[in-house]
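Some notes on the structure that comes next.
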Amino acid sequence: MSTAQHIENFLQLLTAGLLTGAVYGLMCVGLSVIFGVMRVINFAQGEFMMLGMYFAYYCFGAIAGYVVFGGFVAPFIAALAVGPAVFLVGLLVHKGLVSQVTGIGGSTLEAEGHYAQLILTLGISLILANGGLIVFGSAPVSISTPLSSTPWVVGPLYGDEILLFVNQGQTISALIAVAAVVAFAALMANSRLGRALRAAADNPVAAVYMGIDVDRAYRIAFGFGVGITAVGGGLLASTSPFQPYVGIDYVIVMYAGVVLGGLGSLRGAFLGGLTIGLVQQLSALFLPNQLQNTAIFVCFLLIVLLRPQGLFGRAARRA
Amino acid sequence: MLEIGELRVAYDGRPVLGEVSLTVGSGEFVAVVGPNGAGKTTLFNAISGIVPAAGGTIRFDGSDLLAVPPSERPHLGIAHVPEGRQVFPSLTVLENLQMGAYAASGRSAREQDLERIHALFPVLAERRGQLAGTLSGGEQQMLAIGRGLASSPRLLMLDEPSMGLAPAVADDIFERIVEIHCTTRLSVLLVEQRVAEALNFANRGYVLETGRVILEGDRDTLRDDDRIRAAYLGM
């Protein structure tokens, strides 16, 4: 290959990495909210994302025909509609199951609480994945839209030799993901609800002294967490095919991103997800496609070894 | 205002408080003193609902407090300034005060409350944008008290406000507490190991030992009691 081809290849993968990375970043923010506020490691996060993908799939099917330019805007409307829907599912799952092993009562038995949480969220993950198999079937599906197969062409650059193709669907998805992260960060930083969630995360007992219903705060955080990740899933649904077991692939991406960025920091989680997207795509320069996830793991291990507090996080601290 | 009758609390079946009775009248400053492990903090936690009562009654303004969920109690006008300050370390000073005003009672007069707190503790105004976890111990205690006041409470419960502070800083905190009580006629329930100071400022006091009230009375009665003088005042 000529130098220009190498550069073209690199730029192409860089663009793809940034676009998928933005959506990964959104998914990581969802996981990070749950860990940051509740100190619960939610193994079922990938399955909530899968629910988001299927919800977007059926939602898209339902609205595409009725809206003018349906094929163009419906996938994005569907992805955003996933948020409130999975938020509600999250509230119910928390109320019925997760709250039994978390919260003020659970935290008095720190160690026992954690085992129960691990097993419970793992169980929820299995039930959702297998339930998905029964309800949705095992055949992979995808949302095909005119935009997801249409690129914008940048260039030719560098004297006619470099042409860059930027997928339109992915670009809009990435922009929506960034907007969602900014909106959620603003909610957490400036609203009464956001302050209450951060206070409950910092010191749940003192939060009760302030009059905060900590169980309710945890419930809302759980709903936000799974809802946000599910929106990420809804955005990915129009660019890649999926089936009910898709969660396990992405839960790895999410954990790597959150640990990379530093546990408990929203900004770190987003940047971590973005980094994972870049690592995954750029690894194609050196590695065969099947080893993309290996690259993520190597990167993850390096971070845990060299900088356990994460690239963008402070050292873990809890009062 | 606050009436506690024969309150019992047990951890794992082991009694920590045995039939404690105590009252705080409107506008009164009441001190609970006693050695480490006497159950003073447990008493406060039972009032806040963090630990369940095994028996007895707690009434606030005549209504049964034990029937109210813990997170609803601050909304009735009870502010708990906990032992060890327990500020929210990753929130700013101002955000901590805003959290104090989370309760319904604090929402109506938020601006005046904030001005009053800033006038009382000017350092909290100077450092409003700083993370609370980076404050010194004395400043965190001021913030914890300010956060308690931000809810416009009718009863302020202070758990060992002098703990871990240099004597001069602790004296300063005590002066502020007295100032708050004198200017607002707020009811104050103070738990303290520094018995001499606590009995100086309070109208009435209770001596708690191993989960029981062994002595109660007004300031002068307690200060003149031989047992108190020998055990706590070093006389």
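Residue numbering restarts at 1 for every chain, and letters A, B, ... go by the order of the sequence lines. Since this is a predicted model, take the numbers as computed values, not measurements.
Under 3.5 Å, the side chains of A:Tyr218 and A:Asp213 contain no donor-acceptor pair of N or O atoms. Between the side chains of B:Thr23 and B:Glu3, no donor-acceptor pair of N or O atoms lies under 3.5 Å.
Only the backbone of A:Ala189 comes within contact range of chain B, with at least one heavy atom under 4.5 Å from a heavy atom of that chain. Neither the backbone nor the side chain of B:Asn96 comes within less than 4.5 Å of any heavy atom in chain A. Looking at B:Glu95, the atoms closer than 4.5 Å to chain A (heavy atoms on both sides) sit in the backbone and in the side chain alike.
Between B:Phe201 and B:Phe174, the two ring planes are tilted [angle within 30° to 60°].
Ranked by heavy-atom pairs under 4.5 Å with chain A, the list B:Met157, B:Gln86, B:Met99 is led by B:Met99. Considering only heavy-atom pairs separated by less than 4.5 Å from chain A, the leading option among B:Pro82, B:Ser71, B:Gly49 is B:Ser71.
No more than 12 heavy atoms of other residues, nucleotides or ligands shown are found within 6.0 angstrom of CZ on A:Arg216.
B:Arg116 CZ to B:Ile180 CD1: the interatomic distance, rounded to the nearest 0.5 Å, is 8.0 Å.
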